[in-house]
Number of protein chains: 2
Amino acid sequence: MPARRAPADPAVAAGVSLRMVARVAGVSTATVSRAMNTPERVSEALRERIASVVDRLGWVPHGAARALATRRTGTIGAVFPTLTHGDFARALEGLQGELTRLGYRLLLACSEYSLDQEYQQVRKLVERGVDAVLLVGALHHPELRPFLDRRAVPVLDSFVFDRDHPGASVGPDNRRALFRLTEHLIALGHRRFGVIAQETATNDRARARLEGIRAALAQHSLAVPPAHFAEGRWTIREGRELFRRIATTDPAPTAVICGNAWLAVGAMLESQALGIDVPGALSIAGYDDIEIMAELPIPITTVRVLSDEVGRRAARHLVARIEGRAPSDAFECEAEIVLRASSGPAPGGPPLPPRSGQS
Amino acid sequence: MPARRAPADPAVAAGVSLRMVARVAGVSTATVSRAMNTPERVSEALRERIASVVDRLGWVPHGAARALATRRTGTIGAVFPTLTHGDFARALEGLQGELTRLGYRLLLACSEYSLDQEYQQVRKLVERGVDAVLLVGALHHPELRPFLDRRAVPVLDSFVFDRDHPGASVGPDNRRALFRLTEHLIALGHRRFGVIAQETATNDRARARLEGIRAALAQHSLAVPPAHFAEGRWTIREGRELFRRIATTDPAPTAVICGNAWLAVGAMLESQALGIDVPGALSIAGYDDIEIMAELPIPITTVRVLSDEVGRRAARHLVARIEGRAPSDAFECEAEIVLRASSGPAPGGPPLPPRSGQS
DNA sequence: CGATGGTATGTAAACGGTTACAGGCCGGCC
DNA sequence: GGCCGGCCTGTAACCGTTTACATACCATCG
């Protein structure tokens, strides 16, 4: 029996490899590897001996080596447009938490709402080694899909739901959510609508929401006149400014729908500053239910998307696909319309008859 | 000359390795490697020939293999308590952006304000292979430092600034920032202070802020009575509730300092709901300057920390250390006190003489 | 009692790059 | 003309795991 080495002093742990563990334990590297990954295939005694050596030496497996041998990294990559948006932050947190629980790590990147950047980031992520990729939206650089497909990397779109490609996306049906919200406002008697949207150029979610609004209006032969439409960035200040522009027209809209939470908050604050009676003279509705929506003096009607749930489902879905299992979660995340004090009957005219009304 | 292969059809790119590129280009793997990493060491002609083969074959380097060979991953790991906090989200975005610019990737994890979780996440990150680690705060699991030190992984604390260990942290001096804010309020004549703090158990930033407040008060022989002190989570609702509890005591405080942005917003909203005259009867101040602070009907006095700058500097600092360069940025991030309408002279009593006043 | 089958372990070849070292070639200089 | 030194390129070892395959051992069974 070879002399056992002195117990490793804490300073050594730097370059301990599996090989050393094996040598010290007096077994082969294969056995150590098995003891760690498939303990049931190793005898009780050895397993314990190895375990003790492992933590005496402070060995930590070398991810790159393992990745090279297994062709798996245990990492998924996500590209978000931004992180300062409440819903993305929540989704990210949900995603991260669930991945941790499932034993995966998260490699994160931002696209800043640019399709080119998104594509470049995806390339970097793949190069760095990710087992799957999570994106936001369904609109991507034309090369992106082919690139991932060639390498057989699973992808998932989030924050959208595409009925035509089941399994390719997880999130709310943006179009339908705003369709329903708009119908509700129409039923309250509103006829003159204003819309403050996010920029739709590279944002298919924003576009889908807009389509939902337009479709609902069209069903009642209504439309958003140019003077009552504005597109902009997603800050409170922008919301104020665009709201002022729209609300001070004549005739003014009786309902203003905002494409996201901050725009809605801005609209609400500006309406108060302008002394507009909400919801008496004008109703305001938003999208995404962040806490402030419910806490303002006049709480804001909005669409609640459980963003953290989007993140968690995305995690489960991708991991299932990586591991060759069938994903079990539903892909569509319910978008609930939360009615609050900021919306009410249109001033003047009586509300329409229920749903069937043709106007 | 061996017959040249047919141009790769797009469907092949799956398993192209550097070896294949070399074979197709008719050179050795070493040359291809050099052509990619140190192009100046390869002749013009070869470089071009190789480049063309690379993109004809759609080769993407295999990160794990490279990492194994170079003992570098080009990835840094970050562990944040949460991501739904405005300042962390901004810092994360800054961090991510800067890392991308520097050619690094970001591996992200959350601790949920638990030191144990933070430690576990760090272990996972190291196992997965990160060249450096970014943390929040200076308070960590006792094993964390030794663990990273043994492996010579550079670490940086963020959102704190520790004068005693220069180079170990980047962020504002929380204690001093709130010291100054409190002094300002004292100079306005305030004597009865209320404080709504974040939970300080595992949050040394919150604790430092609290110390700053107490130190400033102590200089004037003042203190926060138990009835005017509350600790809680960081939601608007919590801010409302704690504010109500504190503001409805008798005698009530004339100034309430809140440990973060959402608590301050909650306090402000609740003060309006209670019909308290702000700043006439009571001043409110917060911490962290998110957009809503400036946009509420009564804008809130606060401490502005450039969180995205914290993230960017952290990125530059860590990359510099990884690459063996001396970091060039300053470690302390200025925390600016932003005076707004929510704070004003104390009701009744005249303000103190300037700074030297002993009370 | 030898063939058989199962279990626990070892051997060694990948995995896909990087890089120290070793030529080969060529021009310039004595 | 031979030697020297620089520039390019090739050879092959190595990075730290995993895993297919081989092997040794042991109990069981015909």
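So you know, we letter chains A, B, ... as the sequences are listed, proteins then strands, and number each from 1.
- Between the CZ atom of A:Arg71 and the C1' atom of D:dG16 there is a distance of 16 Å, rounded to whole Å.
- Nucleotide D:dG10 holds its P atom 14 Å from the CZ atom of B:Arg41, rounded to whole Å.
- Applying the 4.0 Å criterion to OP1 and OP2 of C:dT9, one finds that A:Ser43 has a side-chain N or O inside that range.
- Both B:Val42 and B:Ala65 lie near DNA chain D, and the one whose nearest nucleotide falls closer to the 5' end is B:Val42.
- The separation between A:Met20 atom CE and D:dT17 atom C1' is 14 Å, rounded to whole Å.
- At the phosphate of C:dG17, OP1 or OP2 sits under 4.0 Å from a side-chain N or O atom of B:Trp59.
- When distances are taken from the side chain of A:Leu68 to each of D:dT19, D:dT9, C:dC15, the shortest belongs to C:dC15.
- Side-chain nitrogen and oxygen atoms of B:Thr31 include at least one within less than 4.0 Å of the OP1 or OP2 phosphate oxygen of D:dG10.
- In terms of heavy-atom proximity, B:Gln96 sits nearest to A:Ala109 at NE2-CA, 3.3 Å.
- The distance between atom CZ of A:Arg72 and atom P of C:dA14, rounded to the nearest whole Å, is 22 Å.
- You'll find that the side chain of A:Thr70 is closest to D:dT18, out of C:dG17, D:dG10, D:dT18.
- Under 4.0 angstrom from either OP1 or OP2 of D:dG16 there lies no side-chain N or O belonging to A:Ser17.
- Between A:Arg145 and A:Asp157 there is a salt bridge, with a side-chain nitrogen of the basic residue lying less than 4.0 Å from a carboxylate oxygen of the acidic one.
- One atom, CZ of B:Arg66, and another, C1' of C:dC15, lie 16 Å apart when rounded to the nearest Å.
- Here A:Arg34 does not reach the OP1 or OP2 of C:dG10: none of its side-chain N or O atoms lies under 4.0 Å away.
- A heavy-atom distance below 4.5 Å is not found between the side chains of B:Thr75 and B:Leu125.
- Here the P atom of nucleotide D:dG10 and the CD1 atom of B:Ile50 are 8 Å apart, to the nearest Å.
- Considering CG of A:Leu68 and NE2 of B:His62, their distance stands at 6.0 Å, rounded to 0.5 Å.
- Atom CZ in B:Arg128 sits roughly 14 Å away from atom C1' in D:dT17 (whole-Å rounding).
- Residue B:Arg19 places none of its side-chain N or O atoms closer than 4.0 Å to OP1 or OP2 of C:dG16.
- Distance, A:Leu18 CG to C:dC15 C1': 15 Å, rounded to whole Å.
- Using a 4.0 Å heavy-atom distance criterion, B:Val32 is classed as making no nucleic acid contact.
- For an aromatic pair to be called close, the ring centres must be under 6.0 Å apart, and A:Phe331 with A:His317 satisfies this.
- Among the atoms of the strands shown, base atoms are found under 4.0 Å from some heavy atom of B:Ser33.
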